[in-house]
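Here the structure is laid out as structure tokens; the discussion comes afterwards.
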There are 2 protein chains.
Amino acid sequence: MEMVGKLAGVSQVTVSRALNDPSKVSKATMAKIQEAIAATGFVPNALAGALASNRSRLISALVPSVTNITHAAMVQSFTERMRSHGYQIMLSETGFDSKEEEALIGAHLSRRPDAMMLTGARHTPAARRMLLAANLPTVEIWDVTDTPIDLCVGFSHVDAGAVVGRFAAEQGYRTAACVTAADERALRRKDAFCAAFHTETSVRPETVVTEGQASLRSGREGMSTLLDLGFKQGVVFCSSDQLAHGLMIETRARGLRTPEDIAIIGFGDQDFAAHTLPALTTVRVDRVELGSRAADALLGRLEHGDAPQAPINIGFEIIRRDSA
Amino acid sequence: MEMVGKLAGVSQVTVSRALNDPSKVSKATMAKIQEAIAATGFVPNALAGALASNRSRLISALVPSVTNITHAAMVQSFTERMRSHGYQIMLSETGFDSKEEEALIGAHLSRRPDAMMLTGARHTPAARRMLLAANLPTVEIWDVTDTPIDLCVGFSHVDAGAVVGRFAAEQGYRTAACVTAADERALRRKDAFCAAFHTETSVRPETVVTEGQASLRSGREGMSTLLDLGFKQGVVFCSSDQLAHGLMIETRARGLRTPEDIAIIGFGDQDFAAHTLPALTTVRVDRVELGSRAADALLGRLEHGDAPQAPINIGFEIIRRDSA
DNA sequence: CTGTTAGCGCGTTCAT
DNA sequence: ATGAACGCGCTAACAG
């Protein structure tokens with residue numbers, strides 16, 4: 001900046017101002033500074049800027065998995081919204097372990113982000129403490145809770161499971177099962193589904209928990225396991241559309257029909273769900289809306305100093321297609 | 001740090017040393033410092049540290065799309081490797097536009113990363129200039145080029161297309177087509193495929209370029225378009241497994257069989273490719289290997305001051321399954 | 001509209 | 001093994 005200033009015939013501060021608030025600099029000097037910047041190839045040092053101003057214009061975002069398309073769509077809309085307001089996103093994967101999340105929260109906090117986005121509402125006590133101590137705008141997404149750290153935008157996984165359980169019963173199914181990934185939120189949906197289905201029909205659904213990431217493969221394996229367990233003629237609720245698609249394929253590979261023999265319900269309404277054969281009945285969560293609402297909540301805090309908000313429940317919706 | 005030091009009865013420098021090089025501090029003071037850190041909930045300011053040391057321990061990574069599983073797997077292995085060496089990844093999506101990539105490169109550079117990972121080998125001249133001027137270890141992945149900015153780990157898209165073209169001819173197909181996303185690298189594969197197939201058979205493949213992100217949906221649409229164009233009985237090379245899967249579904253929806261009526265070849269060998277029905281014939285690129293090789297190249301530079309390396313071509317492999 | 005001064009919280013160097 | 005002094009590149013006051 002010193003160099004740029006010298007080249008433009010002004011002081012270093014003026015260059016700083018030209019970059020941060022052009023309105024505070026005259027047209028003429030502005031032009032000279034632009035020219036000097038182009039000539040030197042100067043790239044401002046945001047590190048130093050952040051240190052001096054105590055504002056990094058960095059937002060931390062922690063998601064369980066980048067590979068998981070569900071979260072990817074949310075993150076994308078979140079990122080876009082934040083970026084349009086001049087913030088940059090620092091994205092990291094927390095994986096399955098909440099201990100790892102804790103470590104990552106520390107690593108992110110050390111970069112002094114202006115705000116933080118977390119997936120889920122369950123964190124280690126230490127993580128909670130760090131976040132509270134850091135005293136920065138924080139938004140938890142993809143779940144709702146009575147005890148948010150700060151902001152919260154999501155939906156109730158218990159409600160979702162229960163609604164699907166009742167839906168399954170209403171459709172006349174009298175046998176049901178769950179194939180679910182070993183994800184804490186997915187398991188809560190499963191439990192609620194089973195409880196609701198049991199309430200309506202007095203039958204308790206079978207459960208298969210798959211290992212690792214949800215995928216076509218684990219879906220096929222899950223269906224396989226279920227069939228080997230003697231399951232037949234009924235509906236299966238899956239913890240994701242990926243899994244559901246895998247179930248459909250395995251069903252067909254076994255010479256069974258969907259939905260006549262095995263009806264299948266997914267979760268997430270990912271963009272492929274409408275285009276499988278048969279088209280997948282699933283639960284839609286407006287991920288784009290979720291991401292941008294989360295961003296808005298943070299921006300309100302960041303730019304307008306808004307007061308803390310109550311948790312926002314954006315709900316969900318059963319999308320009835322052909323698979324159940 | 002000042003505070004922590006006071007609490008531990010030492011100076012700020014000692015705290016700094018305790019954190020960065022524990023071997024330079026006595027056991028006794030180390031313990032006191034640990035205690036003081038726990039008591040205060042101190043989180044080091046990496047911004048200040050980076051400014052003072054001129055090392056941010058931050059690596060920039062730019063990919064076209066996080067949603068795209070292909071790149072996600074690479075990024076994941078890259079990230080893991082880097083993280084195990086104490087580096088944090090700053091990931092951003094560049095989207096389709098290379099102008100946008102240029103802007104992002106600037107934004108990332110301003111955070112003073114220690115190194116940079118770029119997807120692809122085509123960048124705007126301005127982007128190249130910035131990178132060169134920044135003079136930091138840079139690795140371009142997912143492509144090879146004779147004029148790398150610095151490090152380069154990838155494979156030849158032209159070779160890949162050509163090999164698949166010859167493979168298709170060898171399998172006895174005398175009609176062929178390409179359904180491809182409007183991605184620069186995918187288009188290069190397509191051109192090479194068409195040229196090779198033409199050389200072998202004297203027939204020039206039909207081409208359909210889909211819009212937007214590759215998805216099941218765009219795959220179905222692509223197949224639909226192709227069929228409406230009068231395509232029948234032949235092989236179709238797709239720019240991704242996603243697309244290929246979409247083609248398979250549309251084929252079945254139209255009452256046609258794979259591979260008897262329409263044979264389908266994907267690209268990427270994503271984890272679902274082995275589990276579609278029929279299992280997908282595709283091209284495998286070892287994305288995990290690619291990510292970790294890229295990380296290693298950077299780490300060699302960062303930690304051991306290795307000299308620039310020639311581009312690394314990790315190649316690819318046709319995986320023959322049932323769809324072609 | 002522009003310049004001066006004083007830090008931001010650390011790592012680095014040189015002492016001891 | 002520890003401490004004192006300095007500066008990284010920038011922004012925030014204040015003054016003119």
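Here is the naming used below: chain letters follow the sequence lines, and residue numbers restart at 1 for every chain.
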From [atom1] of [X] over to [atom2] of [N], roughly how many Å is that when rounded to an integer?
X	N	atom1	atom2	answer
A:M30	C:dT2	CE	C1'	15 Å
A:E2	D:dG7	CD	P	14 Å
B:K27	D:dT2	NZ	P	13 Å
B:N45	D:dC10	CG	P	17 Å
A:N54	C:dG7	CG	P	16 Å
A:K6	C:dG3	NZ	C1'	15 Å
B:L109	D:dG9	CG	C1'	16 Å
A:D21	D:dA13	CG	C1'	15 Å

**Asked** Is A:E80 paired with A:R83 through a side-chain N to carboxylate O contact shorter than 4.0 Å?
**Response**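 A:E80 and A:R83: not salt-bridged.
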**Prompt:** In terms of the nearest nucleotide of DNA chain D, which residue is placed more toward the 5' end: B:R112 or B:S23?
**Reply:**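 On the 5' side of the pair lies B:S23.
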Short heteroatom pairs, N/O only, protein and nucleotides 11-13 of chain C, under 3.5 Å:
{"residue": "C:dG11", "atom": "OP1", "partner": "B:N20", "partner atom": "OD1", "Å": "3.4"}
{"residue": "C:dG11", "atom": "OP1", "partner": "B:N20", "partner atom": "ND2", "Å": "2.8"}
{"residue": "C:dG11", "atom": "OP2", "partner": "B:S16", "partner atom": "OG", "Å": "2.2"}
{"residue": "C:dG11", "atom": "OP2", "partner": "B:N20", "partner atom": "ND2", "Å": "3.3"}

**Prompt:** Is there a donor-acceptor contact under 3.5 Å from the side chain of A:T94 to the main chain of A:L62?
**Reply:**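 No, the answer is negative, given that no donor and acceptor are paired below the 3.5 Å cut-off.
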**Request:** Check for a donor-acceptor pair, side chain of B:E140 on one end and backbone N or O of B:I149 on the other, with a separation under 3.5 Å.
**Result:**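 Checking the backbone N and O of B:I149 against the side chain of B:E140, a donor-acceptor pair under 3.5 Å is found.
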**Prompt:** Are OP1 or OP2 of C:dC1 and a side-chain N or O of A:T14 less than 4.0 angstrom apart?
**Reply:**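 For C:dC1, OP1/OP2 do not have a side-chain N/O of A:T14 under 4.0 Å.
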**Prompt:** Do any side-chain nitrogens or oxygens of A:S26 fall under 4.0 Å of OP1 or OP2 in C:dT2?
**Reply:**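 The answer is yes; a side-chain N or O of A:S26 sits under 4.0 Å from OP1 or OP2.
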**Asked** Is it true that atom CD of A:E35 has more than 12 heavy atoms of other residues, nucleotides or ligands lying nearer than 6.0 Å?
**Response**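 For A:E35, atom CD is not crowded (no more than 12 foreign heavy atoms under 6.0 Å).
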**Asked** Can you name the one residue among A:D150, A:D296, A:D306 that meets salt bridge (charged side-chain N to carboxylate O under 4.0 Å, His left out) with A:R301?
**Response**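 So the option named by the test is A:D150.
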**Item:** Check: B:H108/B:S92 side-chain N/O donor and acceptor closer than 3.5 Å
**Value:**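 Side chains of B:H108 and B:S92: pair found under 3.5 Å.
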**Nearest to side-chain heavy atoms of B:L51, which nucleotide of C:dC1, D:dG9, D:dC10** =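 The listed nucleotide nearest to B:L51's side chain is D:dG9.
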**Prompt:** Which nucleotide, D:dT2, C:dG9, C:dG3, lies nearest any side-chain atom of A:S11?
**Reply:**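 Selected nucleotide: C:dG3.
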**Prompt:** Does some side-chain heavy atom of B:Q76 sit less than 4.5 Å from a side-chain heavy atom of B:F78?
**Reply:**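 When only atoms from C-beta onward are counted, B:Q76 and B:F78 do not touch, as no gap falls below 4.5 Å.
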